[in-house]
Amino acid sequence: MSEPILRIEGLAKRFGGLEALGGVNLSVARGDFRAIIGPNGAGKSTFFNTMTGLLKPDAGSVVFEGRDVTGETPHRLARRGVARTFQITSVFADLTALENVQVALLAHSRQNWSVWPAARPLHTARAHELLTLVGLQSAAERLASTLAHGDQKRLELAIALAGEPRLLLLDEPTAGMAAQERLESIRLVHRVARELGLSCVFTEHDMAVVFAVASHITVMHQGRVLAEGTPAEVRARREVQQVYLGEAA
């Protein structure tokens with residue numbers, strides 16, 4: 001069996017007297033499209049923030065492609081091939097969609113974009129390719145601030161892809177979308193990940209989204225892993241139905 005692209009062991013985090021993570025284990029195989037679910041307060045966001053360096057763990061380890069990256073900053077993780085998006089869309093509102101991706105490409109290639117007029121012609125072709133990949137080719141010249149919320153999420157995906165990641169970490173990638181738009185958005189991410197050979201871990205509260213695309217599901221409850229397996233295996237677990245799926249119904 002090949003080494004998992006991501007292996008997390010015993011990840012723990014406390015805030016004062018509150019145990020937010022109680023020793024979480026997670027193993028993600030290459031090519032996996034893994035969903036992390038759980039009711040509000042289950043620890044999903046804390047888990048994401050701790051494994052991506054926004055929070056320092058109190059215990060445990062994060063290993064990416066065989067290298068211990070525990071506590072490394074998001075910037076260093078991005079250099080290693082880990083891209084992360086957030087619940088709240090983060091784009092440059094006053095730049096066009098094309099320019100947003102160009103800036104990300106400049107950052108990835110460690111080129112100086114502080115003098116923007118001089119940098120504007122750089123990486124244009126690749127930026128157009130990434131926008132086409134996420135279905136935004138017709139919006140290349142539009143300001144990011146004028147894009148619909150779903151299109152801003154597509155732009156954020158293109159920005160993440162500019163760093164040539166091998167692992168995508170998506171925190172609530174369909175937050176704020178209507179039901180049908182959520183399904184379309186996650187299917188786009190799934191298609192892109194498959195085409196580029198990426199592994200993906202995402203948090204999500206919409207069960208229709210999760211069961212539509214996830215290859216494996218990890219269920220969290222009160223800062224711990226309650227269950228994991230294929231969608232069929234997770235759906236059949238009584239404790240999952242009681243703790244999460246039952247609440248959602």
Side-chain angles (χ1 to χ4, degrees), residues 5-6 33 48-49 51-54 64-65 69 72-177 181-182 184-203:
I5 191 168
L6 180 68
F33 205 81
F48 245 58
N49 289 336
M51 74 175 175
T52 56
L54 287 176
F64 172 64
E65 294 187 329
V69 296
E72 287 198 0
T73 64
H75 175 75
R76 287 184 61 85
L77 287 174
R79 291 290 182 199
R80 297 196 189 283
V82 180
R84 187 239 163 108
T85 66
F86 296 82
Q87 292 183 28
I88 300 174
T89 305
S90 178
V91 297
F92 291 108
D94 294 332
L95 296 182
T96 67
L98 181 69
E99 290 167 345
N100 266 275
V101 181
Q102 284 179 277
V103 166
L105 289 165
L106 287 164
H108 177 61
S109 60
R110 305 193 184 193
Q111 292 173 287
N112 187 352
W113 60 277
S114 59
V115 185
W116 176 240
R120 192 183 297 272
L122 301 176
H123 303 292
T124 304
R126 180 56 178 160
H128 275 294
E129 289 176 3
L130 291 172
L131 288 175
T132 299
L133 187 63
V134 302
L136 281 181
Q137 61 271 29
S138 63
E141 300 303 329
R142 289 183 57 188
L143 290 177
S145 60
T146 69
L147 298 176
H149 178 67
D151 286 342
Q152 288 189 2
K153 285 288 188 179
R154 289 174 181 248
L155 176 57
E156 192 174 44
L157 176 60
I159 290 169
L161 295 175
E164 299 183 332
R166 297 178 295 284
L167 175 64
L168 281 175
L169 302 176
L170 312 176
D171 193 6
E172 297 280 4
T174 69
M177 298 182 187
E181 190 179 22
R182 288 197 293 268
E184 292 172 356
S185 180
I186 201 65
R187 283 172 174 151
L188 168 68
V189 177
H190 185 254
R191 174 182 61 77
V192 169
R194 187 174 63 248
E195 288 181 8
L196 299 181
L198 307 180
S199 308
C200 182
V201 180
F202 68 102
T203 63

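Keep in mind that what you see is a predicted model, and the values were worked out from it rather than measured.
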Using 0.5 Å steps for rounding, measure from the CZ atom of Phe92 to the CD atom of Gln102. 12.5 Å
Return the orientation label for the Phe33 and His190 ring planes: parallel under 30°, perpendicular over 60°, tilted otherwise. perpendicular
Between Leu155 and Val134, is the side chain to side chain contact (heavy atoms under 4.5 Å, CB included) condition met? List the steps. CA-CA 7 Å; Leu155 176 57; Val134 302; over 6 Å; no
Please answer whether the main-chain N or O of Ala175 pairs with a side-chain N or O of His149 as donor and acceptor at a distance below 3.5 Å. yes
Measure the spacing between CG of Leu161 and CG of Leu168 and express it to the nearest 0.5 Å. 6.0 Å
Without swapping roles, check the side chain of Ser185 against the backbone of Glu181 for a donor-acceptor pair under 3.5 Å. no
With side chain to side chain contact (heavy atoms under 4.5 Å, CB included) as the test, pick out the partner of Val91 among Val103, Asn100, Leu143. Asn100
Smallest heavy-atom separation, Arg154 atom then Gly135 atom, equals NH1-CA, 4.0 Å
Drop me the distance from Leu54's CG to Arg84's CZ, to the nearest 0.5 angstrom. 5.5 Å
Looking at every non-hydrogen atom in both residues, tell me the closest pair between Ala139 and Ala97 and how far apart they are. O-CB, 3.5 Å
Which residues pass the salt bridge (charged side-chain N to carboxylate O under 4.0 Å, His left out) test with Arg187, not counting sequence neighbours? none
How long is the span from the CE atom in Met51 to the CG atom in Leu169, to the nearest 0.5 Å? 4.5 Å
Shortest non-hydrogen pair, Pro165 vs Ala160, comes out as CD-O, 3.5 Å
CZ of Arg182 to CD of Glu172: how many Å apart, nearest 0.5 Å? 10.0 Å
So, for Leu77 and Gly53, which heavy atoms are closest and what is the spacing to 0.1 Å? CD1-N, 4.5 Å
Hey, does the side chain of Gln152 reach the backbone of Ala144 with a donor-acceptor pair shorter than 3.5 angstrom? yes
Output the distance between atom OG1 (Thr203) and atom CZ (Phe48), rounded to the nearest 0.5 Å. 5.0 Å
Is there a side chain to side chain contact (heavy atoms under 4.5 Å, CB included) between Val101 and Leu136 once you walk through the steps? CA-CA 11 Å; Val101 181; Leu136 281 181; over 6 Å; no
Could you tell me whether the side chain of Arg166 and the main chain of Arg80 form a donor-acceptor pair under 3.5 Å? yes
Let me see the working for Phe202 and Ile186 under side chain to side chain contact (heavy atoms under 4.5 Å, CB included), right down to the final yes or no. CA-CA 10 Å; Phe202 68 102; Ile186 201 65; 4.1 Å; yes
Quick one: which of Ile5, Leu167, Val201 gives a side chain to side chain contact (heavy atoms under 4.5 Å, CB included) with Val82? Leu167
Between Thr174 and Met177 (side chain of the first, backbone of the second, donor and acceptor by atom type, cut-off under 3.5 Å), is there such a pair? no
Mind checking what makes salt bridge (charged side-chain N to carboxylate O under 4.0 Å, His left out) contact with Glu184, not counting sequence neighbours? none
In chain order, what residues pass the salt bridge (charged side-chain N to carboxylate O under 4.0 Å, His left out) check against Glu195, with sequence neighbours excluded? Arg191
Between Leu105 and Ala127 the two heavy atoms that sit nearest each other are CD1-N, 3.7 Å
Looking at side-chain heavy atoms only, is the closest gap between Leu133 and Leu157 below 4.5 Å? no
